[in-house]
There are 2 protein chains.
Amino acid sequence: MDLSSFLTSLGTSFLIFVVLMFLFAWLSRKPGNAVVYYPNRISRDSWEGGSRTRNPFAWIKEALYSTEQEVISMSGVDTAVYFVFLSTVLGILVFSSIVLLPILLPVAATEEVTKLTNITVSNGTYSDLDKLSMGHLKEMSSRLWAFLFGVYWVSFVTYFFLWKACKHASHLRATALMSPQAKPEQFAVLVRDIPNAPEGQTIGEQVDSYFKTLYPDTFYRSLVVTDNKEVNKIWEELEGCKKKLARAEAVYALSKKTGNSEGTKPTNKTGFLGLCGEKVDSIEYYTEKINELTTKLEAEQEITLKDKQQNAALVFFTSRVTAAAAAQTLHAQLADTWTVTDAPEPRQLLWRNLKIKFFQRQVRQYVVYIIVALTVLFFMLPIAFISAFTTLDNLKKLLPFLNPILKQEAIRTVLEAYLPQIVLILFLAFLPKFLLFLSKAEGIPSQSHAVRATSGKYFYFIIFNVFLGVTVGGTLFSTLKTIKKDPNSLVDLLATSLPANSTYFLTFVALKFFVGYGLELSRLVPLIIFHIKRKYFCKSEDEVKAAWLPRGLGYGTRVPGDMLMITIVLCYSVIAPLILPFGVLYFGLGWLVLRNQALKVYIPSYESYGRMWPHIQVRLIASLILYQVTMFGYFGVKKFYYAPFLLPLPVVSLLFSFICSKKFFHFFQHTALEVAAHELKEIPNMEQVYRAFIPPSLSSKKLDDDLFEDAAPDGMVGPISGESHDLLP
Amino acid sequence: MDLSSFLTSLGTSFLIFVVLMFLFAWLSRKPGNAVVYYPNRISRDSWEGGSRTRNPFAWIKEALYSTEQEVISMSGVDTAVYFVFLSTVLGILVFSSIVLLPILLPVAATEEVTKLTNITVSNGTYSDLDKLSMGHLKEMSSRLWAFLFGVYWVSFVTYFFLWKACKHASHLRATALMSPQAKPEQFAVLVRDIPNAPEGQTIGEQVDSYFKTLYPDTFYRSLVVTDNKEVNKIWEELEGCKKKLARAEAVYALSKKTGNSEGTKPTNKTGFLGLCGEKVDSIEYYTEKINELTTKLEAEQEITLKDKQQNAALVFFTSRVTAAAAAQTLHAQLADTWTVTDAPEPRQLLWRNLKIKFFQRQVRQYVVYIIVALTVLFFMLPIAFISAFTTLDNLKKLLPFLNPILKQEAIRTVLEAYLPQIVLILFLAFLPKFLLFLSKAEGIPSQSHAVRATSGKYFYFIIFNVFLGVTVGGTLFSTLKTIKKDPNSLVDLLATSLPANSTYFLTFVALKFFVGYGLELSRLVPLIIFHIKRKYFCKSEDEVKAAWLPRGLGYGTRVPGDMLMITIVLCYSVIAPLILPFGVLYFGLGWLVLRNQALKVYIPSYESYGRMWPHIQVRLIASLILYQVTMFGYFGVKKFYYAPFLLPLPVVSLLFSFICSKKFFHFFQHTALEVAAHELKEIPNMEQVYRAFIPPSLSSKKLDDDLFEDAAPDGMVGPISGESHDLLP
């Protein structure tokens with residue numbers, strides 16, 4: 001790729017971004033779109049309908065001046081930790097740029113090269129861009145010392161910022177956990193692998209007596225996990241009917257306004273998918289059906305609570321400290337029974353996974369690991385195949401009917417700039433769902449944990465396949481023989497293939513940040529979907545709300561993407577320092593756009609109090625080590641005798657990671673008692689805490705009343721009489 | 001080595017054992033020796049002076065009929081767990097023998113061999129013994145199937161017995177921990193890495209306020225660790241003077257009886273080592289000195305308690321459950337501060353290690369690991385050197401002056417049988433002390449943990465150097481070129497060198513069990529030392545008691561020795577099944593002799609409630625895997641095409657180990673709450689619990705009174721007023 005096509009790529013990317021930004025400024029001022037651009041605020045009733053009179057860049061100012069506290073209150077600790085990650089990376093790149101750009105670019109550019117080796121030229125044509133890279137230096141040049149210093153500088157800047165970030169994230173987590181507002185999950189623990197109850201005892205009674213013995217003063221009550229499949233089915237049907245009734249009523253009300261004053265009663269067919277069968281009055285039909293289902297639900301609820309108890313339970317304590325301590329201690333002599341862990345938030349509990357037994361979880365985990373490993377390895381082939389295919393020359397040969405189009409210079413340049421990248425991005429869009437499914441199949445009890453697990457798997461996939469696949473894949477086939485002879489040459493191979501792909505990744509970064517963040521900011525896709533839905537499908541208020549209500553930031557898949565970016569930028573930071581400003585732009589823009597989205601758009605669907613951080617940091621250090629090893633290899637390729645001076649760096653990285661994990665990470669896994677012991681604003685209402693965990697399909701007015709009839713009246717006086725703890729009237 | 005020298009070795013070993021056994025029967029009947037043969041019972045006042053009239057084999061009956069409960073009550077859970085290990089190994093070997101001997105020996109012996117390969121012959125001469133081994137089989141013989149089955153049989157017998165043993169050991173630990181007699185350490189936790197106290201607060205106050213916040217109901221008080229170097233020195237001097245005074249008084253009393261009625265007052269010189277300086281009356285001199293030192297000690301105690309507080313403490317709770325839970329939970333946000341672990345017994349606390357900080361412990365650990373690795377690797381050279389030297393022919397050449405002695409047939413045969421083994425055993429005697437020193441240098445807080453760590457190191461040493469060193473070392477030099485060409489040939493090398501050394505190890509086992517256990521039973525060395533001490537050095541009662549009081553079973557070094565034995569026996573179990581009866585004899589005799597010693601002799605110096613078990617089991621499985629891999633190699637050497645059928649075995653072993661560790665081992669690290677929650681016989685006297693942990697040099701009548709003056713009168717009413725918790729009056 002030569003300079004002009006690179007500049008074209010950059011220019012069009014930037015153009016797209018500017019267009020999207022103005023589109024955002026224009027669209028977001030329309031009141032009808034407010035639910036798309038300010039759903040977070042609207043759902044919290046904190047939206048004053050502002051921003052109509054302000055200039056198109058007001059959101060930038062707002063994002064810049066927003067405090068971390070605002071982010072936490074609008075979008076939770078997880079999001080705040082994600083911003084810690086973004087600003088850490090930004091810090092690393094800015095500080096690296098400040099030193100590397102003024103030093104390395106002149107050093108590289110002023111080198112007088114008499115004969116060029118093939119390695120330094122990307123895709124066979126030589127461009128001005130390559131002049132500014134390390135590839136331009138002669139072998140054994142003493143100027144390489146400057147680049148060696150650069151590697152050290154980047155590494156130590158990374159350590160410094162990571163250390164600060166680690167402390168910061170830990171502080172954020174601690175602050176949230178010691179908040180005087182009590183969260184229900186802080187008073188509960190999740191108990192799994194409950195052994196079979198002795199004869200004549202229900203599981204509930206067993207759990208109660210077990211924990212009452214161990215925690216006589218702080219045990220409140222327990223909630224045995226039940227098999228909710230049936231009851232959920234009925235409940236969903238009931239909810240569906242309720243929605244349809246609401247819809248029918250809305251339609252009826254509308255017809256009164258628009259048509260005759262009596263209105264037309266909506267009808268529907270009772271058969272398959274509402275397409276055949278008897279035609280009935282919808283309102284009457286659904287009202288009747290709701291009554292019927294409600295009775296059925298109540299019966300099923302009783303059966304579920306009584307006969308479908310499973311070997312897991314949530315246990316509630318009246319003290320945060322006890323709950324935090326209980327979640328960390330071995331309860332039973334056999335470690336595969338009575339395993340106690342901290343309870344996730346009620347909304348993110350994966351109920352179906354709770355019953356899975358200890359060793360089954362282990363087996364599932366390893367099976368999933370194997371599947372993921374196979375996926376990571378075998379996706380390599382298609383990616384290499386596709387990236388070999390999607391050069392323009394190949395396209396011309398294989399699809400000759402495209403020739404007339406490809407001959408036009410403009411289209412040609414754009415295609416040349418973007419084609420491989422688009423394939424890559426499309427390719428990656430499919431994977432996360434599959435990985436999330438696999439993670440859930442491991443038997444993980446909470447959504448946030450499953451997302452973390454997905455994120456980890458996705459990271460490995462992305463590093464192996466996209467980064468290594470593209471860099472090594474390109475040169476792999478030509479050098480396969482070398483590898484067979486000497487397996488140690490893999491590092492060399494990686495090192496030599498990096499520079500050849502530098503402009504490829506430069507454009508990849510540019511495309512990703514301008515187009516990606518442009519789309520993110522303008523929310524074009526959700527906007528269009530929302531308007532279509534509102535126009536054609538939504539009738540009732542609830543349906544409209546469901547159409548605009550966004551999910552969380554989705555940082556489970558976002559982080560691996562950012563990781564790929566930081567890996568690319570780190571690996572090229574010294575080889576082609578010109579990538580650094582693009583990295584800064586990517587993360588700076590990302591910070592800005594996502595800050596806006598976090599404050600105004602996304603509504604997180606769970607909160608794990610920053611548990612993501614160790615994941616992020618470990619993978620960042622893995623990237624750093626990959627970078628250091630690659631650089632060692634690349635200095636070797638340049639026949640620089642002092643390359644072994646780089647060897648201490650990976651060791652230092654491991655040491656740094658070791659210290660951080662020993663010092664900080666334990667707290668991300670468990671709640672420290674000194675944090676849990678902070679005073680509460682008020683004594684929590686334990687009844688509310690308990691009810692928060694009852695799944696919606698099991699909670700009903702009638703049952704609740706029964707449930708609590710013999711609980712202590714104020715719901716707080718510690719253990720209550722032992723007769724009726726199994727959720728039964 | 002031919003058959004006759006093997007039989008000579010066996011015969012002399014057995015003769016020595018019989019002689020030692022009769023010596024034991026005769027010596028143990030003499031009343032004057034009772035303190036050597038029954039110290040355990042005497043120190044517990046449960047000795048009725050029996051055994052004088054019984055037959056010389058009465059001890060065997062006693063040992064056989066003793067129950068596990070007796071062992072626990074006389075010698076503790078650790079010893080009982082050691083017996084679980086011994087009987088497990090015995091079970092494995094007996095069940096292996098029952099099946100392998102009748103099958104494999106005929107299969108091997110009836111093979112008709114036309115041409116012998118060199119490999120099958122030990123030391124170049126062919127003997128009848130080798131006929132009974134797998135080496136006697138032809139290559140590719142279909143009879144190898146029987147041996148392959150043998151490997152499977154031994155493996156599954158091992159799994160079966162280990163699983164049972166694991167459950168048993170866990171049960172023993174649980175029973176001991178849930179005992180209604182409360183142990184002081186069950187109410188305490190060890191707190192290390194206490195951060196610097198804020199201005200105007202002592203460490204003691206800080207600890208108290210920290211734990212009182214977290215455990216308002218169950219916190220009792222704390223004991224801050226102090227720098228006791230000075231106070232220990234004075235205290236030891238004081239104790240020395242007290243002993244000397246007692247001795248002087250005993251001498252004076254004796255002289256009254258034997259000499260004139262007034263007696264001669266003993267005198268001593270005050271100068272260096274009592275050899276020079278002024279001559280003074282001992283009784284007066286020491287009385288005066290004791291008074292002087294007592295004053296000094298009290299002053300130093302006050303200074304120590306006030307100014308020499310260190311960053312560690314023992315914290316006491318009024319509940320076993322709280323203490324057990326606290327020892328497992330993260331207390332501080334930063335995991336390298338306020339690290340809480342369970343408190344070891346007072347008698348086995350390594351006070352000097354307590355102050356070592358978190359990361360320093362990590363560094364020390366890795367430094368020690370490196371030193372141990374170097375030791376393991378570099379001891380290989382001398383061992384190989386020595387075992388090459390100590391053949392008789394070499395001795396003759398190198399030390400020609402020995403020729404006349406070596407020419408006598410009897411001496412020749414004995415020497416040939418024993419020389420290499422004696423060198424090996426002597427060589428190993430030196431190491432444990434050094435490894436214990438290294439383990440303590442890691443910063444481990446308790447003696448039992450240090451012993452476990454030593455045991456682990458010693459195991460690696462012994463397996464690498466003795467087993468691999470002798471087997472591989474012998475053939476290493478001749479095949480060094482093969483290894484250089486193909487590193488994978490190491491397994492083959494191990495496999496081919498095993499049979500050549502089978503008779504070497506047969507004699508090693510024989511020597512070790514007959515002579516070793518004979519000496520163990522007869523206690524000749526302690527007996528002689530005791531009599532010498534009593535006759536020439538001990539004057540006072542205390543001194544005599546100190547002379548006979550034995551230590552514990554010393555199973556820290558005993559276990560690796562047994563491990564070597566089981567590794568040898570396992571590895572040869574199929575190759576030369578004749579080793580199995582010797583293994584059975586070794587462990588059977590060991591069980592018997594040590595049962596006697598545990599019941600009558602040894603007094604354990606600490607109790608860790610069977611924490612040793614996971615160590616033992618993991619290493620046993622490591623031996624098993626070594627065996628399985630070696631067998632795979634050996635079948636390969638025999639060109640048996642179905643050797644890969646053995647490959648599932650190491651995987652099964654790893655799986656088995658994984659399941660055991662997940663299911664059982666957690667409980668060996670921590671106390672399960674359900675175990676700690678068992679009811680106590682009576683509410684413990686917390687004052688006694690607390691005092692049990694005060695080191696002797698710091699406890700004195702006067703100080704104790706002061707210490708407890710503002711403690712709650714009954715010592716049990718939970719937290720006490722906060723003013724005087726730092727051990728200060």
Side-chain angles (χ1 to χ4, degrees), chain A residues 166-167 170-171 173-175 177-178 193 195 210-218 319-322 324-340 358-359 361-363 366 655 658-679, chain B residues 166-167 170-171 173-175 177-178 193 210-218 319-340 358-359 361-363 366 655 658-679:
Chain A
C166 210
K167 281 211 279 199
S170 173
H171 172 73
R173 177 173 164 83
T175 313
L177 285 177
M178 64 172 70
D193 312 303
Y210 189 85
F211 282 93
K212 211 181 289 165
T213 319
L214 294 179
Y215 305 97
D217 304 325
T218 47
S319 141
R320 284 210 283 202
V321 176
T322 311
Q328 301 174 45
T329 32
L330 175 71
H331 280 70
Q333 191 188 334
L334 297 178
D336 64 340
T337 57
W338 297 104
T339 47
V340 179
F358 188 81
F359 280 110
R361 295 204 293 274
Q362 309 281 339
V363 171
Y366 285 101
L655 213 68
F658 175 77
I659 291 171
C660 278
S661 77
K662 282 277 176 188
K663 194 179 175 84
F664 296 108
F665 290 178
H666 199 159
F667 176 57
F668 284 94
Q669 278 168 7
H670 296 299
T671 308
L673 293 194
E674 68 174 21
V675 168
H678 265 251
E679 264 179 43
Chain B
C166 211
K167 280 212 279 200
S170 173
H171 172 74
R173 178 173 164 83
T175 314
L177 285 177
M178 61 173 71
D193 312 302
Y210 190 84
F211 282 92
K212 212 181 288 167
T213 318
L214 294 179
Y215 305 96
D217 303 324
T218 47
S319 140
R320 284 209 284 200
V321 175
T322 311
Q328 301 174 45
T329 31
L330 176 71
H331 280 70
Q333 191 188 336
L334 297 178
D336 64 340
T337 57
W338 296 104
T339 47
V340 179
F358 188 81
F359 280 109
R361 295 204 293 274
Q362 310 280 341
V363 171
Y366 285 101
L655 213 68
F658 175 78
I659 291 172
C660 278
S661 79
K662 281 280 177 187
K663 193 179 176 82
F664 297 108
F665 291 178
H666 200 159
F667 175 57
F668 285 94
Q669 277 167 9
H670 296 299
T671 307
L673 293 194
E674 68 174 20
V675 168
H678 265 253
E679 264 180 43

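The sequence lines fix the lettering, A, B, ..., with proteins before strands; numbering per chain opens at 1.
- Annotation: ring pair (Phe, Tyr, Trp, His ring centres under 6.0 Å) contacts of A/Phe667 (sequence neighbours excluded): none.
- For A/Gln362, the part sitting under 4.5 Å from any heavy atom of chain B is the side chain, from C-beta outward, and nothing else.
- At a threshold of 4.5 Å between non-hydrogen side-chain atoms, the residues A/Leu334 and B/Phe664 count as touching.
- What you find for B/Ala677 and B/Val321 is that their closest heavy atoms are CA-CG2, 3.5 Å.
- Contacts of B/Leu177 with chain A are absent, with no heavy-atom separation under 4.5 Å from either backbone or side chain.
- Looking at B/Phe665, neither its backbone nor its side chain comes within 4.5 Å of chain A, counting heavy atoms on both sides.
- With chain A as the partner, the residue from B/Ile659, B/Val675, B/Thr322 showing the most heavy-atom pairs under 4.5 Å is B/Ile659.
- Taking the side chain as every heavy atom from C-beta outward, A/Arg173 and A/Thr671 approach each other to under 4.5 Å.
- Contact annotation for B/Phe211: neither backbone nor side-chain heavy atoms come within less than 4.5 Å of a heavy atom of chain A.
- The aromatic rings of B/Tyr366 and A/Phe658 lie perpendicular to each other, with more than 60° between the two planes, well past the 30° mark.
- Residues meeting the side-chain hydrogen bond (donor to acceptor under 3.5 Å, both in side chains) test with B/Thr329, sequence neighbours left out: none.
- The most heavy-atom pairs under 4.5 Å with chain B, out of A/His171, A/Lys662, A/Gln333, A/Gln328, come from A/Gln333.
- In this structure, no portion of B/Ser319 lies under 4.5 Å from any heavy atom of chain A.
- Between chain B and the options A/Ala676, A/Ala332, A/Ala325, the largest number of non-hydrogen pairs under 4.5 Å is found for A/Ala332.
- In terms of heavy atoms, A/Ala326 sits closest to A/His331 at O-CE1, 3.1 Å.
- Interface remark: A/Phe668 contributes no atoms to any contact with chain B (heavy atom separation under 4.5 Å).
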